[in-house]
Amino acid sequence: MNILVTGGAGYIGSHTVLELAAREHRVVVLDNLTKGHRAAVRGIEFVHGDTGDTGLLKDIFRKHQIEAVVHFAASSLVGESVRQPAGYYYSNLVKGLALLDAMVESGVLRLVFSSTAAVYGEPVEIPIPEEHPTAPTNPYGATKLALEGAMRWYDQAYGLRYASLRYFNAAGADPAGEIGEDHNPETHLIPLVLKSAVGLIPHLEVFGADYPTPDGTCVRDYIHVSDLAAAHVLALDALAGGAASSVYNLGNGNGYSVLEVIKAAEEVVGKPINIKYGPRRQGDPAALVAGSRKIMDELGWRPRFADLKTVIETAWRWHSSHPAGFDK
Ligand code: UFG
């Protein structure tokens with residue numbers, strides 16, 4: 001298929017582009033490079049531009065005979081979204097609607113959407129199934145959920161078929177070690193643990209040790225970025241085969257605490273990690289673990305890197321060989 005990937009120079013986007021190219025899909029990446037890295041996309045048609053630019057989108061759709069879109073381009077920092085909701089509504093919802101409109105007007109009616117576990121808010125049930133109530137506790141989750149809502153109505157009115165993938169904690173890097181996670185600023189646990197291992201930061205701060213979890217630290221479901229990437233390809237194939245629109249959780253179904261992640265990382269890097277205990281980070285739920293049976297049953301998705309140590313090993317290969325990220 002001819003596929004447009006918005007935000008294809010970002011962390012999950014670039015890993016998905018690799019997977020799509022490996023499956024012989026013809027990919028065009030659109031990225032404004034505010035967060036993404038040009039070096040993360042190699043040997044792929046690249047357009048420097050914005051997802052809110054409907055004229056540009058329509059040109060790309062026509063020129064490359066695009067048949068489906070995978071939409072990653074978004075702002076995705078939970079804490080920042082609480083401080084600056086306007087920017088999140090603009091990037092994630094307004095520009096997202098511009099994309100949906102350009103797709104409908106151009107007759108491109110297949111979409112795989114990068115959604116998030118943040119749509120659920122504080123879980124009332126673990127593991128979290130797709131039918132769990134959606135009550136986001138921050139603008140990031142709210143804007144992703146709002147675009148999901150629009151997609152549902154665009155499906156009914158205009159026949160836009162979509163798969164919305166609600167990721168839990170994306171982690172790890174392409175096992176070949178050529179691309180990986182490079183955020184600026186970095187806020188995620190595993191890259192920060194590894195940055196502390198290479199001495200780029202003096203210590204890792206553990207945000208809260210008084211949660212109602214077995215060791216008092218937050219529990220998350222870490223899913224390898226290449227397993228996420230593979231799910232996008234399966235979702236696209238299903239849409240191309242006539243599947244109805246759907247929403248899928250993506251996680252491994254195993255929760256690990258912050259201290260368990262640090263211990264696994266210490267085993268991978270072969271030395272102790274300096275940690276300091278700090279207060280809770282605002283808006284962090286105690287535990288988030290995915291129920292991912294639906295995508296397994298309906299699309300045959302299976303994680304290849306379900307083991308936490310393997311996930312961290314792939315991240316370590318990237319971070320230890322690219323301590324300055326793509327700017328190395
Ligand atoms: N943590 C620390 N110290 C750090 C960084 C993180 O203790 O320096 C803890 C956090 O408190 C949390 C866990 O490590 O308990 C994981 O934190 P991340 O920042 O790596 O990931 P989040 O769980 O906050 O965020 C992820 C996705 C978001 C998504 C969110 C859903 O990255 O896109 O889950 O709540 F919105």
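Start at 1 with the first residue, then count along the sequence. Note that ligands are numbered from 1 as they come in the structure, with each ligand's atoms numbered from 1 the same way.
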Exercise check, heavy-atom protein proximity under 4.0 Å to atom 30 (C) of ligand 1: no
For atom 32 (O) of ligand 1, the closest protein heavy atom turns out to be H188 NE2, 3.0 Å
Can you say whether the rings of H183 and Y11 are parallel (under 30°), tilted (30 to 60°) or perpendicular (over 60°)? perpendicular
So the atoms of ligand 1 within less than 4.0 Å of a heavy atom of E205 turn out to be 2 (C), 3 (N), 4 (C), 7 (O), 8 (O)
For atom 8 (O) of ligand 1, tell me which residue out of V206, L288, L192, V78 has the closest non-hydrogen atom. L192
Taking NZ, NE, NH1 and NH2 as the nitrogens, is one of them in R166 or E130 under 4.0 Å from a carboxylate oxygen of the other? no
Would you mind listing which atoms of ligand 1 come within a distance below 4.0 Å of any non-hydrogen atom of C218? 15 (O)
Between R281, K195, K144, which one has a non-hydrogen atom sitting closest to atom 24 (O) of ligand 1? R281
Of all the non-hydrogen atoms in the protein, which one sits nearest to atom 11 (O) of ligand 1, and at what distance? D284 OD2, 2.6 Å
Is it true that E313 and K309 make a salt bridge, defined as a side-chain N closer than 4.0 Å to a carboxylate O? no
For Y211, is the NZ or CZ atom of R280 found under 6.0 angstrom from the centre of its six-membered ring and inside 45 degrees of the ring axis? yes
Atom 28 (C) of ligand 1 [closest protein heavy-atom partner, distance rounded to 0.1 Å]: Y140 CE2, 4.2 Å
Would you call the rings of Y88 and Y140 parallel, tilted or perpendicular, where under 30° means parallel and over 60° means perpendicular? perpendicular
Answer with yes or no whether the side chains of K95 and T6 bring together a donor and an acceptor at under 3.5 Å. no
Charged N to carboxylate O under 4.0 angstrom, D59 versus K63? no
Any heavy atom of Y222 closer to ligand 1 than 4.0 angstrom? yes
Using a 4.0 Å cutoff against the non-hydrogen atoms of T116, which atoms of ligand 1 qualify? 29 (C), 36 (F)
Pick from T51, L57, V47: which one makes a side chain to side chain contact (heavy atoms under 4.5 Å, CB included) with L4? L57
Min N/O separation F207 to ligand 1 under 3.5 Å: yes
If you measure from atom 9 (C) of ligand 1 to every heavy atom of T217, L259, V258, which option wins on shortest distance? V258
For L204, the atoms of ligand 1 under 4.0 Å from one of its heavy atoms are 8 (O)
Closest to atom 21 (O) of ligand 1 (heavy atoms only, candidates V261, T137, N169) is N169
Under 4.0 Å between a side-chain nitrogen and a carboxylate oxygen: does that hold for R152 and E148? no
Do L189 and ligand 1 have an N or O pair less than 3.5 Å apart? yes
Of all the atoms in ligand 1, which lie at a distance below 4.0 Å from a heavy atom belonging to T187? 5 (C), 19 (O)
With a cut-off of under 6.0 Å to the ring centre and 45° to the axis, is R220 in cation-pi contact with F168? no
